[in-house]
Amino acid sequence: MSEAKRTWQERLDEAERHKAKEAAKLAKVGVAVKVDSKMAYLVNLNEDSQLSETLLYVLKDGQTSIGRLKEGSGHDIKLTSALIAADHCTIQNGGGAVTVGPKADAPSYLNGVALSANSASA
C-alpha cells in the first residue's frame, strides 16, 4: 500500500509495532525503555554530557550478570567496550540492598570509586 493511501491510524499502528520490536531487541541486551522509579537501575555516564544518561539498565530482583556482548553470552546486560571483560561483574538486588560483585580481572566502579574483588553495597 502506498504511503499516501495509508490512513493515519494505519501508520500509527505500524510505528507502534516497530517500536515494540525495537524494545524487544533492546530488552534482550538488558536495555530498558521505560522506568519504574521503584526499581533499582544503572545509567550510563560519559564525559560528553550529550551521551550521559542515554541508556538505562533496570536491575531485576535477584542476580544480574554483566559482561561483553558476544554470541552465546548468557549475561543479562551485555556491553560493547574494550574495557568490559567477557564476564565483568554480578549485581545482587534484593531486600532493599544492591550489591556489586566485580570479577578479579574486571575493574568495576561504584559511584566513581574502584571496587575490589570483594562485594560492595549501594
Honestly curious: do Leu55 and Tyr109 fall in one hydrophobic cluster under the side-chain, below-4.5 Å linking rule?
-> no
Should Leu79 and Ile66 count as side-chain neighbours, where that means a heavy-atom distance under 4.5 Å?
->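 Yes - at least one pair of side-chain heavy atoms lies under 4.5 Å apart.
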CG on Leu110 to OG1 on Thr99, rounded to 0.5 Å | 10.0 Å
Nearest-0.5 Å distance that lies between atom NE2 in His75 and atom CZ in Arg68 =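 Reported to 0.5 Å precision, the distance equals 9.5 Å.
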Residues two or more places apart in sequence or in another chain: which of them pass side-chain contact (heavy atoms from CB on, under 4.5 Å) with Ser81?
->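 side-chain contact (heavy atoms from CB on, under 4.5 Å) list for Ser81, sorted by chain: Leu83, Ile84.
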Who are the side chain to side chain donor-acceptor pair (under 3.5 Å) partners of Thr64, not counting sequence neighbours?
->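 In terms of side chain to side chain donor-acceptor pair (under 3.5 Å), with neighbours along the sequence ignored, Thr64 is linked to no residue.
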For residues 85-93, please give each side-chain donor-acceptor pair under 3.5 Å, one per line with the distance, not counting sequence neighbours.
from: His88; atom 1: ND1; to: Ala85; atom 2: N; distance (Å): 3.0
from: His88; atom 1: NE2; to: Pro107; atom 2: O; distance (Å): 3.1
from: His88; atom 1: NE2; to: Ser108; atom 2: OG; distance (Å): 3.3
from: Asn93; atom 1: ND2; to: Leu59; atom 2: O; distance (Å): 3.2
from: Asn93; atom 1: ND2; to: Lys60; atom 2: O; distance (Å): 3.3

Heavy-atom pair of closest approach, residues Asp76 and Ser65 | OD2-N, 2.9 Å
